[in-house]
Structures are given as structure tokens and as C-alpha cells.
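Beneath this line is the structure, given in C-alpha cells, with notes to follow.
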Amino acid sequence: MGRNRETSEARQRILETADRLFYQDGIRAVGIDRIIAEAGVAKMSLYKHFPSKDDLILAVLKYREQGVLEFFRSAVERHGRKAKHPLRAFFAALKDFFESPGFRGCPFQNAAVELADPAHPATEFVRGHKQRFSEFLRGLVEETVGKAAAVAPAVAILVEGAIVTAVIQGSPEAADVARGAAMELVGGEKGA
């Protein structure tokens, strides 16, 4: 039993360390030796859990997805207490994300760009993540509009563009611009 706990603790340290380093410095810039050193594990331990760097990249993206979805769900709930619409609460949460320490954009966008291989398993996971995140947004649009809105894909594109803009401009204000455009779209959808 103690051995399994040590194994899962080592695996967790590797995931957390790789997640932090990949996001901070980039997937290609971070080598396995650096992850091993900063996680405080043996090389054999890393390869026992993740046979290759590609396996680690995929595991990190899966791990990150859980954190991202939890962040947005809890932030939307928190902001939803003040905001009139779930979509407004989402954009307040998006701005929180942009203002978080060390913000370097969307880790999934970053991974897809860095890997530059549409057939890479991690790139395929990113596509799936973006689809799942778009469904999350669709639900918020639906709550705001009252039906599965035709504008939901456009709102998702506004969010993706706001993320890139926030990174390039170094400013969280892109969330406000995207929120304004999204509310216009939703207002038009409602006929308001």
C-alpha cells in the first residue's frame, strides 16, 4: 500500500511540475531532465509512469483540462451571484484568468501551435478539449438566450480571439471587448 502511494505521489509531482514548466516555458523548451530535477524523482520513475515525452505531454493536457474546467465552473458560479446572465459571469471569469499570475495564454492553443503536428495525440486531445469547452460555452449561451443558440460558435471564436489578444497585448481588457460583442450577438439572438 505504501509503495502505491509513493508511486502516485511521484506521478502527481511529475504531472504538476511538467504542467507548470510546459505552461511557463513551452513544451519544446522543457526537457525531461529538468522535469525530473524539479519534480525530485528518479528518471526511472518518470519513465515508469510516462514511457515517452509525448505520453507526458498528453497526460499533462488531460490534467490541465480538469483544472481549467474546474476554474471556470467555480469562477462562473462566483461571478454569477452578481452578473445578470451566465455569459456575463463567464466573461468575468475569463478576465480573472487573464489577470492570473504567470498568464501565458491558453495552454491548449500553445500546445497545438508548438507541436505543429495535426496527427500528434496531444493535438488530437486539444481538438477534443476545444470541442468540450465550446459545449460548456454553448450551455452558458443557452442559459442566457433560452435555447441552443446559433451564435454559440461565434461566442467560442470570440473567446479564443480574446485569449490570443490578451497574451499579445499583455492586457485583460480583451475579455471586456469579447463580452460586449458576445452580449450583442446574444441580444440579437433574443431579438432584443
Contact summary for A10 and S45, nearest pair of heavy atoms: CB-OG, 3.8 Å
A112 and V126 have their tightest heavy-atom pair at CB-CG1, 4.1 Å
Test of understanding: with ring pair (Phe, Tyr, Trp, His ring centres under 6.0 Å), list the residues that count as partners of H129, not counting sequence neighbours. F108, F133
Taking all non-hydrogen atoms of both residues, which atom of A178 and which atom of F91 are closest, and how far apart? CB-CE2, 3.7 Å
Answer yes or no for R138 and F90: cation-pi contact, defined as NZ/CZ to six-membered ring centre under 6.0 Å and angle to ring axis within 45°. no
Sub-4.5 Å side-chain heavy-atom contact between F125 and E65: yes
Output every pair passing side-chain hydrogen bond (donor to acceptor under 3.5 Å, both in side chains) with a member in residues 86-113, not counting sequence neighbours, ordered by first then second residue. R78-D96, H79-D96, K95-D176, Q109-E160
Worked check of side-chain contact (heavy atoms from CB on, under 4.5 Å) between F50 and V60: CA-CA 10 Å; F50 309 101; V60 164; over 6 Å; no
Could you tell me whether the side chain of E114 and the main chain of I27 form a donor-acceptor pair under 3.5 Å? yes
Measure the CG-CG distance between L15 and L61 for me, rounded to the nearest 0.5 Å. 10.5 Å
Contacts of K62 that satisfy salt bridge (charged side-chain N to carboxylate O under 4.0 Å, His left out) - sequence neighbours left out: none
Going by the rule salt bridge (charged side-chain N to carboxylate O under 4.0 Å, His left out), which residues pair with R28 if we only count those two or more places apart in sequence or in a different chain? none
Interatomic spacing from CG in L87 to CZ in R179 - rounded to 0.5 Å: 10.0 Å
Assigning hydrophobic clusters by single linkage (Ile, Leu, Val, Met, Phe, Trp, Tyr; side-chain heavy-atom cutoff under 4.5 Å), is F71 placed with F22? yes
Should L94 and V177 be counted in the same cluster of Ile, Leu, Val, Met, Phe, Trp and Tyr side chains packed under 4.5 Å apart? no
For residues 162-175, please give each side-chain donor-acceptor pair under 3.5 Å, one per line with the distance, not counting sequence neighbours.
residue, atom, partner, partner atom, Å
T165, OG1, G161, O, 2.8
S171, OG, E173, N, 3.2

Inter-residue atom distance T123.OG1 - L115.CG, 0.5 Å rounding: 4.5 Å
Distance col, row I32:CD1 vs K43:NZ, nearest 0.5 angstrom, shows 8.5 Å
Can you tell me how far the CD atom of E77 sits from the OG atom of S74, to the nearest 0.5 Å? 7.5 Å
Hydrophobic cluster membership, V155 vs L69, 4.5 Å side-chain cutoff: yes
What do the steps show when you test R64 against Y23 for side-chain contact (heavy atoms from CB on, under 4.5 Å), and what is the final call? CA-CA 10 Å; R64 176 60 77 136; Y23 186 68; 3.4 Å; yes
Can you tell me how far the OG atom of S134 sits from the CG atom of L137, to the nearest 0.5 Å? 6.0 Å
Tell me yes or no: between the side chains of Q12 and E16, is some donor less than 3.5 Å from an acceptor? yes
Taking all non-hydrogen atoms of both residues, which atom of A42 and which atom of I36 are closest, and how far apart? C-CG2, 4.2 Å
Check whether any side-chain heavy atom of C106 sits under 4.5 Å from a side-chain heavy atom of K130, and report yes or no. yes
Of all the heavy-atom pairs spanning P86 and E143, show the shortest one and how long it is. CG-OE1, 3.4 Å
Which residues pass the salt bridge (charged side-chain N to carboxylate O under 4.0 Å, His left out) test with E38, not counting sequence neighbours? R20, R34
Check the orientation of F98 and F103. Use parallel for under 30°, tilted for 30 to 60°, and perpendicular for over 60°. tilted
Hey, does R127 have a side-chain heavy atom less than 4.5 Å from the side chain of Q131? no
Taking every non-hydrogen atom, the tightest pair across R13 and A39: NE-O, 2.9 Å
Evaluate the side-chain proximity of L56 to I35: yes if any heavy-atom separation is below 4.5 Å, no if none is. yes
